[in-house]
Structures are given as C-alpha cells and as structure tokens.
Amino acid sequence: MEAFQLLSRGGVKFDKKRFQKDVQLFSKEIPKSVATTSQLPDGELPKELDYFKYAAGGSAKRKANGGDGKAAKKRKVEEEPDEDEDEEEHEDVDEDAPPTIRQRVVAKGSNVPPHAETFEALVERYQMSSLLLSNLTANGYKHPTGIQSHGIPILLESRDLAAISPTGTGKTLSYLLPLLCSLGAPSASGKSEAGAGVRAVIVAPTRELAHQINNECMKLAQGRKWRIILFSKATANTMTDKAARDKVDIIISTPLRLVASLKSGSLELDNVRHLILDEADRMLDAEFFPQVEEILAACTHPKIQKAVFSATLPANAEKMAMQMLKDPIRVVIGLKDTPLPLIAQSLTYVADDPSKLPSLLAYLAKPYDPPVLIFTSSQPRATSLAQELVLNGIPNVDCLHAGMTKKEREDAVSRMRRGESWVMISTEVMARGMDFKGIREVINYDFPTSVQSYVHRIGRTGRAGREGKAVTYFTDQDAPYLKTIANVLLQSGSTVPEWILKLPKPSKLKRRQMGKVKREETVNPARKIGRRDAIKKRRDMVAGSKRRTEKEGKVEGEQD
DNA sequence: AAAAAAC
C-alpha cells in the first residue's frame, strides 16, 4: 500500500524523451557494428580509468535544484513494526543526478542528513580535502549521482547505511569517497589519530570486482600515502608480520581470503572503523554469510561504521543487513530489484537448448555493438560456447569464469578493458559490479536463475547514463520462471508479449512440470516470511505498472 | 530453485 501511494503520488517522474536526447551524447563514438568498424574506438579515458565517468555528460541539461525545502515527512509503515518513532522518511525526486539517473529517492531512518547537491558542498560541510575534490575532477566526476549525493553525507556523518541504487549509478564512489574523507593520516605516518592498522575493509564477491574497486580507490587516493591493499594470497604474504600490517589503511578483499588470514592469525581487524559490504545481498546469501559473520566478529572496534550496497536487496537479505547495522539509514534510489529503464530488454524464444547456438550465430551475423557480454549458466557451457563461436569464425571471442587460472581471468578482464574482446562469454562471476564502459549489449544465453541475477547481469550495460540492450533467451524448460522475469521487464519499461503475462503462476507450473506436487510441510516461520515477501513483491509490480500507465498514458491493467 | 564463487 505504502509503495503504491508513494508512486502514485507522482514520486516517480520519468522522462523518456529527455533520456534519449542525453543518451545520444554518448553514442557518437560507439561503432555501429563490427562489420563497418575494423577496430574499437579509443575511449576518452585510459583503460584502467574507464569507471571514472559517472559525472560525465548530462549536466548541461540539468534543471536547477528545487528540492532543498523538501519536507521530512513522518510516516508509519504498518509492515515494519520495528520502526522507531522518530524515524523520518524523506522523499524527493533527485534533480541533482544526471538525467538518466534521475529517480525517486527514499531515505528512511533517524535524523537523515540533507543530501549534498555538489561535491564542492562536501568541502564546506565536511571539510573534505581539496585533494580529494581535485582527484574527483581529474577523473571526470563533475556532479554526484543520486546515491552519491544522498549516501555520501550519511557516511560522512558516521552513520550506518543500507544503500540500494540501480546498476551503473556510481555506488562504489558513494562509499570510497567518504571512506577516504574520514580516514585521516596514513597508518604508516604514525600520525593517525585512530592508531595503526587496517581501518577500513571493503568486501566484494569476486576477485574481479575487488580489483576494480581497488583501482578506483587508488585513483581517488592519489597524492596521499595511504596503503591500500587488494587482498590476495600474495599481498597477504607481505603482511605476515605485525609491523607490516600496522602500516595498512584499507583492505579490499573477497570474504574467504580475509577469513583465511584471520584463521591463520596473520590479520587483525580490531581497529577497523569502516566496513563495507558491496553486493550486499550476495554477501549475505547462504554461501557467503558464514564468512561474512567471521569478518564481522573480527571487527571488534566499538566505533565501527558499517554500510551495505547493492542494486538488489531481497527482503530476507535486507533483514539480515538491518540486523548487522546500528541505527541505519536506508536509502533507495529508484525502484529496488529493478533494471534501469534505459536498458532495452527483450525475451527471445529459442525452443530448446540445441536451438540456442544457431540463434546466437544468426544474431552475431548481423551488425552488433561490440563488446557483447553473453551469460551462460555454468563454466563448461561458457567454455564450449566460446569454442563453438570461434569454430564458427566469430572474431575476438573471449571467455571468463572462475574455473580459469587467476592469470587467465586477469588477461580476459584486461582484454575487455582494452576493447579487444568483441564477444565475451561468462558466468555469474561477471554478473555483479563489473564496469566495462563499452558494453552495449548483454545476452542471457542461459536463463538467469533469479530476478537478482537477471537485474545484475543486464546491469553490465546501460551504465552511467548510456543506453543498453539486453536479450534473454528462453526455452520451454525455462517457462516456469519466465513470468517472474517478464514482470521485471514490464516494471522497467520494456514490453513483453501478452501470452507470457498470461502464464500461470510460476510455482504451480513448476510443480506440474516436475510432476511432483510437494506435500505441504508444516508451516514454519521461514515459509511465512517467504509468502509475505511474495505479496510485497507483487504489490511493487503493480505499482510499477501503474507508473508506466501514468507515464505513457496507456491503460494496462496488470493482474496477478 | 540452482549454479557460481570464495581459499
């Protein structure tokens, strides 16, 4: 009910025409096709810098900000009984962000600090150093995105934060900037007020993402002598003695690597003042959570600030996140678990698995925008698809999955960054966080196994205000989950054939197809939570379609 | 629901 009201009150303003105009600013240097272009154009930025561009473009068309006097509304939400009385909820349309990222903003929590309209405002309000400001400028950041303008002040006021913002909207900078702001003197200088030793930890689910965060962090930190460590076996080995560890300021790592060092006694996290979980829902899922728990347990400093970031945060993950955060502020930019509308999504029927390859070959025979990122469901399928494409004469095919060696993975990423890959076949390892500026098209060769997976996979395109295209193959076998994904398309402004929307409920169909109707177990609390989420979700979808209706003047009654 | 990813 609440979500619906927020939306129908006009909280969502979405101007597609304006988008398209701005998007064209970016289109000029993208090749129309490989057929007409012998090589990829040079990016405006060096390859290692290609994620420094969130502020690029769009600012000229920005409207003056009028959101200053936004009223802090007090609102009770029945579904969330744990809400404090003095919690406030701010709602406004973010006029600050580049137009493509201009979205509804909801900040909820006690004493939410006002957002920052510019990076310069951070210098005045929080004494951000001019060095950081000039590093921002040097790397092409001109104007904060929605999550940056709202999230950074919250973190700078030492508050815990759960930040939900769509893919490609600059979440990394949202935590790196305040982190570097509040870090103070390097540990190695001996002048750090917070004492020696690791003071900040950033955890991410894949090596590639950790590496990318590290790169971004180093660019921002340029000119200061902070020791920033991309944690790996090799770097961990350089820190076996305490004296070396005490010179470290920031560690960026995957969870298991940290846990391994904690267990071997070669790492202390007792002086950590900032802990960031990137891709939070992934970090809190069943496989990663035990490791994250160990990391949390090792971060014993009472003044620790924690923050979680993701584009998707299912209810159970959000619950866990809120439990680990202290008096958190929850910021949602746009709609949770929803792709950006500037990604043109479509579903393609391919009957069965053997029909996929011919479809893909036909697709690649026509002009396309390289590089194309193709997702498969397993490592062997990624490998064999890559081989098939090579055999069929597709140029510059690459493959990346976690079964490859570290070096192979690194090489694949750098070919991607240099624009040498035209067709990249990958698994879920590439689904989250990775920011390759050039990706214009994503193909889900194998159907994603969750809404979250879908949203993150296609979120590899449409980044920083650019247009993107996402094609998802589905077979008869995928039918049980088709409708769920179709609703995501609908919610984010793409169209779906009507028959798909008329499919029966996923669970029923799935059971029927599997030929075994599971006996109803005794209803346990976990099940109840699941049902509640499902209902909530559905409400969000209805709200989404309502929004479309208003925007496009179409009447599209969506049921179920 | 199910594979992938983490060392």
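Quick note on labels: first sequence line is chain A, next is B, and so on, each numbered from 1.
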Subject >> Nucleotide of B/dC7, B/dA3, B/dA5 approaching A/Arg207 most closely (side-chain heavy atoms) >> reply: B/dC7

Original post:
Quick one: A/Leu277 CG to B/dA6 P, roughly how many Å, whole number?
Top reply: 17 Å

**OP:** Measure from the side chain of A/Ala260, starting at C-beta and using heavy atoms only, and say which of B/dA4, B/dC7, B/dA5 lies closest.
**Re:** B/dC7

**OP:** Classify the nucleic acid contact of A/Ser453 as base, sugar-phosphate or nothing, counting any heavy atom under 4.0 Å across all strands shown.
**Re:** nothing

Subject >> Set of ring pair (Phe, Tyr, Trp, His ring centres under 6.0 Å) partners for A/Tyr349, sequence neighbours left out >> reply: A/Phe474

Subject >> Separation of atom NZ in A/Lys263 from atom C1' in B/dA6, rounded to whole Å >> reply: 12 Å

Original post:
B/dA6 base to A/Glu287 side chain: any donor-acceptor pair below 3.5 Å?
Top reply: no

**OP:** Calculate the interatomic distance between A/Leu400 atom CG and B/dA5 atom P; express it in whole Å.
**Re:** 9 Å

Original post:
Reckon A/Arg409 touches a base, only the sugar-phosphate, or nothing at all at heavy-atom distances under 4.0 Å?
Top reply: sugar-phosphate

Original post:
Contact class for A/Pro205 (heavy atom, under 4.0 Å): base, sugar-phosphate, or nothing?
Top reply: sugar-phosphate

**OP:** Give the nucleotide from the list B/dA6, B/dC7, B/dA4 with an atom nearest to the side chain of A/Glu428.
**Re:** B/dA4

Original post:
So does A/Arg282 reach the base of B/dA4 with its side chain, donor to acceptor, closer than 3.5 Å?
Top reply: yes

Subject >> Phosphate OP1/OP2 of B/dA2 contacted by A/Ser377 side-chain N/O (<4.0 Å) >> reply: no

Original post:
Considering all heavy atoms of both residues, which atom of A/Thr167 and which atom of A/Gly459 are nearest to each other, and what is their separation?
Top reply: OG1-CA, 3.3 Å

Subject >> Interatomic distance, A/Tyr445 OH vs B/dA4 C1' [rounded to whole Å] >> reply: 19 Å

Subject >> Nearest-Å distance for atom pair CZ/P, residues A/Phe375 and B/dA3 >> reply: 18 Å

Subject >> Euclidean distance, atom CG of residue A/Asp281 to atom P of B/dA5 [Å, nearest integer] >> reply: 17 Å

Original post:
What is the distance from CD1 of A/Ile295 to C1' of B/dA6, rounded to the nearest Å?
Top reply: 10 Å

Original post:
Nearest-Å distance, CZ (A/Phe231) to P (B/dA5)?
Top reply: 22 Å

Subject >> Pairing of A/Arg199 and A/Asp249 as salt bridge, 4.0 angstrom limit >> reply: yes

Subject >> For A/Tyr175, all residues meeting ring pair (Phe, Tyr, Trp, His ring centres under 6.0 Å), sequence neighbours excluded >> reply: A/Phe309

Original post:
Below 4.0 angstrom, N of the basic side chain to O of the carboxylate: do A/Asp281 and A/Lys336 qualify?
Top reply: no

